[in-house]
Each structure stands twice: as structure tokens, then as C-alpha cells.
Amino acid sequence: MSLGTMWQVLLYITGCFVVMLGHFVVRGRRSRQEIGWCTSQASMEGKVVLITGASAGLGKETALDLARRGARVIMACRNLQKATKVLEEIRKATGNNLVEVQLLDISSMASVRKFAKNFLKNEKRLDVLILNAGIIGPSKLTFTDEGNEITIATNHLGHFLLTNILLGISCNALGPGLVATEIFAKGSCDIVWTYYRVLALFSRTPVEGAQTMIHLAVSEEAETKGEFYYNCKVIDSSPLSNDLVLARKLWEKSEYLVDLKSEERHY
């Protein structure tokens, strides 16, 4: 390859990167301009809230807000040392000593089952379940000890199993917008790291991104079923989410992958 050709290729790649970066910057600015804030002043006293992955980002901010409202907040986290520090911060900031940490590795179906068994044994109620934990997968294909790819195990299968065991429930989904949380800082891909460092300047903060999650936890609108929320409002979701045939296939495959037992079904 000639020197001139190499420069052309380099310029092309650089141009593509700049265009892509510009696209995300525009999205980030638009996302911040559209922020919907939870305006409810509802008390959560007497309510029990369970939040997965509550030691950072959206989960942490949601736990903080609900603790201020008087809820008993159970932070289900994998890293107990980190979660305990956050717990102390929340208790100090809110004066709410009903906040606690419990061990849960959401990527492990064994851990999910152990956690859920103890929860059902010791708790009499659960008012709000927030499935927040998530990761950006590693650059190399990685499997859990149970044979599941770690990203789908963490982001879907663990939550699928936990929800099935704990309840038959009113369920809604939400999009927090473009949010700068440490999930990007933990990404093993260079482009993800670049995104976090550059676009954090234009993305929503964790407090801003948590608003819709808080809204659904405290608002009467949470009584609705099967809706998709963005900026604290119901919006149309992807057409794929309304494909009942695809939904059935996903459900059945998920049941198979987590080896869902008959006694764990509550629907």
C-alpha cells in the first residue's frame, strides 16, 4: 500500500469516527434538554423497595431518593464492600436507618435462587422491585460457571429468574436516556472508554437519569402494566416489543436457560 493510500484510509477512518462522535454528542445534548423530572412528593414510609445494582449510578441515586421518602430500601449488590460504603452515605444523608445491603450476584442463577429464598423467608412484603443492575460485556466471550454468556446472564437472565420467583406483578419498562455512569468506565473496549470520557460532558448525570425510575417507584402510574416510560411519561416502545410470537420465544428460551422450576412460576 502506497503512502498516499495509507493517508486516505487514515483520513476516512478519522472522518467516520468524528461523524459518529458528533452524532452521539447531538443525541446527548438532546437527551439533556428533554429531561423529565419526577415531581411527586409522595412518601414511601412503610414501603419495601428492592433495587439490584444499587451501589452506583442510577441505582444509587434511586436508593437515595426513596430512602429520603422513608422507604425501607434493600440494596441487592455483588460487591458488598463497595455497597456498604454507599449504604453509609445514604443513611448519613437521609437519616434513614432502614436501608440495608444484601448479597446478590445477579449473573449467577444459584445466587439469585439463594437470595430469593432468603427474601421470601424473611420478608412479608415487597412493594417495588427495581431491576437496575447491568454491565457492558467484556471484549472476550465470557461464560458464567453455569454456562451462560455473562452479559445476558447479568442483564436479563438473572432478573428474569428473580422476578419469577418473587412475584406475579405489575411490570413496566423504562429508558433513562443517555446517562454517564461508571458502567462505561468499566467497559473493556477502547471506544467505550472514549465515549465515557468525552460524551460524559453532554450526557445526563445519574441524578437526571434516575428520574423516570423514581417516578415509577413513587407514582400511582406504576399501577399500569406493560408500558414503556421515558422522561416520566408513557411513550411507544419498539415494534419488536409488541411482537407476541417473538416474546413467547424469548420467554420460553429464558425459562430453559435458567432452568425455571414449576414452584418458581407465579403467573
Side-chain angles (χ1 to χ4, degrees), residues 27 50-53 57-59 76 78 104-117 119-120 126 128-179 181 183-184 186-189 191-192 209 212-213 215-217 221-231 233-267:
R27 280 191 61 191
L50 172 60
I51 308 176
T52 65
L58 304 182
R78 178 181 59 83
L104 172 61
D105 180 353
I106 200 67
S107 71
S108 166
M109 302 308 114
S111 178
V112 171
R113 285 187 164 93
K114 182 178 180 180
F115 172 87
K117 180 180 179 180
F119 188 93
L120 292 174
L126 176 60
V128 180
L129 172 61
I130 300 177
L131 309 175
N132 168 75
I135 63 169
I136 291 179
S139 57
K140 294 182 179 180
L141 190 60
T142 305
F143 294 91
T144 66
D145 292 339
E146 295 156 325
N148 296 312
E149 192 278 318
I150 193 167
T151 313
I152 194 170
T154 303
N155 297 348
H156 171 62
L157 295 177
H159 285 143
F160 175 84
L161 177 60
L162 179 65
T163 305
N164 269 284
I165 296 175
L166 291 184
L167 307 164
I169 61 171
S170 172
C171 181
N172 295 293
L174 66 93
L178 199 60
V179 187
T181 68
I183 190 173
F184 294 106
K186 293 179 178 178
S188 57
C189 178
I191 194 170
V192 172
T212 302
M213 194 178 292
H215 173 74
L216 281 174
E221 289 186 49
E223 297 299 323
T224 62
K225 296 182 179 180
E227 300 288 358
F228 180 74
Y229 283 77
Y230 181 71
N231 288 331
K233 297 179 181 178
V234 175
I235 67 170
D236 292 331
S237 58
S238 164
L240 289 175
S241 67
N242 297 304
D243 186 330
L244 297 183
V245 174
L246 183 61
R248 171 55 60 183
K249 289 181 179 179
L250 174 61
W251 188 276
E252 292 176 349
K253 188 65 174 181
S254 299
E255 285 188 331
Y256 171 77
L257 290 174
V258 304
D259 190 22
L260 193 69
K261 316 296 183 185
S262 58
E263 64 270 19
E264 295 172 339
R265 294 182 171 92
H266 299 285
Y267 55 87

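Everything quoted here is computed from the prediction, not taken from an experiment. Values below: all heavy atoms of this structure, side chains included; hydrogens, waters and symmetry mates excluded.
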Next item on the list: Determine whether Leu216 and Ile130 make a side-chain contact, defined as any pair of heavy atoms from C-beta on separated by less than 4.5 Å.
Entry: no
Next item on the list: Could I get the full list of side chain to side chain donor-acceptor pair (under 3.5 Å) partners for Glu252, not counting sequence neighbours?
Entry: none
Item checked: With Leu126 via side chain to side chain contact (heavy atoms under 4.5 Å, CB included) - residues at least two apart -> Val48, Leu50, Phe119, Leu129, Leu166, Leu167
Notebook entry, point to check: What's the shortest heavy-atom distance between Ala116 and Ile165, and which atoms?
Noted result: CB-CG2, 3.5 Å
Checklist line | side chain to side chain contact (heavy atoms under 4.5 Å, CB included) partners of Ala247, counting only residues at least two apart | finding: none
Notebook entry, point to check: Are Ser111 and Leu104 side-chain neighbours, meaning at least one heavy-atom pair lies under 4.5 Å?
Noted result: yes
Margin query: Under the rule for side chain to side chain donor-acceptor pair (under 3.5 Å), what residues qualify as partners of Thr212, not counting sequence neighbours?
Written below: none
Item checked: With His159 via ring-ring contact (aromatic ring centres under 6.0 Å, His included) - residues at least two apart -> none
Margin query: Among residues at least two apart in sequence or on other chains, which ones pass side chain to side chain contact (heavy atoms under 4.5 Å, CB included) with Leu244?
Written below: none
Notebook entry, point to check: Less than 4.5 Å apart, any side-chain heavy atom of Ile235 and any of Phe228?
Noted result: yes
Item checked: Spatial distance of atom CD (Glu149) from atom CG (Asn155) [nearest 0.5 Å] -> 8.5 Å
Notebook entry, point to check: With sequence neighbours excluded, what pairs up with Asp259 under the side chain to side chain donor-acceptor pair (under 3.5 Å) test?
Noted result: Lys261
Margin query: Taking side chain to side chain donor-acceptor pair (under 3.5 Å) as the definition, give me every residue that meets it alongside Ser241, ordered by chain and number, with sequence neighbours left out.
Written below: Ser237
Check: Do Arg113 and Leu161 touch side chain to side chain, with heavy atoms closer than 4.5 Å?
Finding: yes
Item checked: With sequence neighbours excluded, residues passing ring-ring contact (aromatic ring centres under 6.0 Å, His included) with Phe160 -> His156, Trp251
Checklist line | Sequence-distant partners of Glu146, side chain to side chain contact (heavy atoms under 4.5 Å, CB included), two or more places apart | finding: Ser108, Met109, Ala110, Thr144, Asn148
